[in-house]
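One structure is given below, encoded as structure tokens.
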Amino acid sequence: METDTLARSIPVGKHRLPPLPYPYDALEPVIGAETLRIHHDHHHKAYVDGLNKAELALAEARRQKDYDCVKYWENELAFNGSGHILHSIYWTVMAPEGEGGEPGPRTAREIGRYFGSPGAFCAHFVAATVKVEASGWGILVWNPAWGRLEILTAEKHQNLTQWGAIPILVADVWEHAYYLDYRNKREEYVRRWLDLINWHEVENRLLLATEGQLPLLSAGGYE
Ligand code: MN
């Protein structure tokens, strides 16, 4: 049991940049090849490198029993670790225009149950994502503590969340994600971005998230 758990963990300082699941120009014209290349090869890579560096620095601090810089490295750990996680999801929840399909049965059911309709979900998601202050993300999450979906936003990568929420669909609204293609028109980017959603992957992620064994909070008395 313990061996299995260890075998499935990523060693300290050994995170790797995942390959893009499609060519750089696959998302054109919604996202240009140059944007995608810089975003993946440079921005995402910097988060992977930063995460590895923070983990190694903290391991060294434990060895040395020297925690003078622990606050700095904990900040780096949260920022770069969250950046790595969100970007890794971002690439997979996009697909070339016309290939992403429609929301799967579980996705459609959960969106309907919580947001009322696909239109209400989209309106809320676009509005929340467009309004993120400075750099951040719009995120559809499954919150296992409530047993339902929610829309959250993140400032930078790590600020503003509900702990334990599992990101299902993430939209990057750092300027590096859209500025070459849309300049300051963030809303136009987000609206076009909806056409790239890979609903097959969203359904996969939702099914995996809802299979979790964590109990509902205050579950007694609810339907
Ligand atoms: Mn980004």
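Counting starts at 1 for both ligands and their atoms, in listed order. Worth saying up front: this structure is predicted, and the values here are computed from it rather than measured.
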Notebook entry, point to check: Does one side chain, of His44 or Trp91, offer a donor that lies under 3.5 Å from an acceptor on the other?
Noted result: yes
Margin query: Taking 2.8 Å as the distance threshold, tell me the number of protein N/O/S atoms next to the Mn ion (ligand 1).
Written below: 4
Check: Got a sec, which pairs hit side chain to side chain donor-acceptor pair (under 3.5 Å) with one end in residues 161-171, sequence neighbours left out?
Finding: Asn143-Gln162, Trp146-Gln162
Next item on the list: Can you run down the side chain to side chain donor-acceptor pair (under 3.5 Å) pairs that involve residues 126-142, sequence neighbours left out, and say none if there aren't any?
Entry: Trp137-His157
Checklist line | Flag side-chain contact, heavy atom, 4.5 Å: Leu149 against Leu206 | finding: yes
Next item on the list: For Glu150 and Leu140, indicate whether the former's side chain and the latter's backbone hold a donor-acceptor pair under 3.5 Å.
Entry: no
Checklist line | Which residues share a side chain to side chain contact (heavy atoms under 4.5 Å, CB included) with Pro19, sequence neighbours left out | finding: none
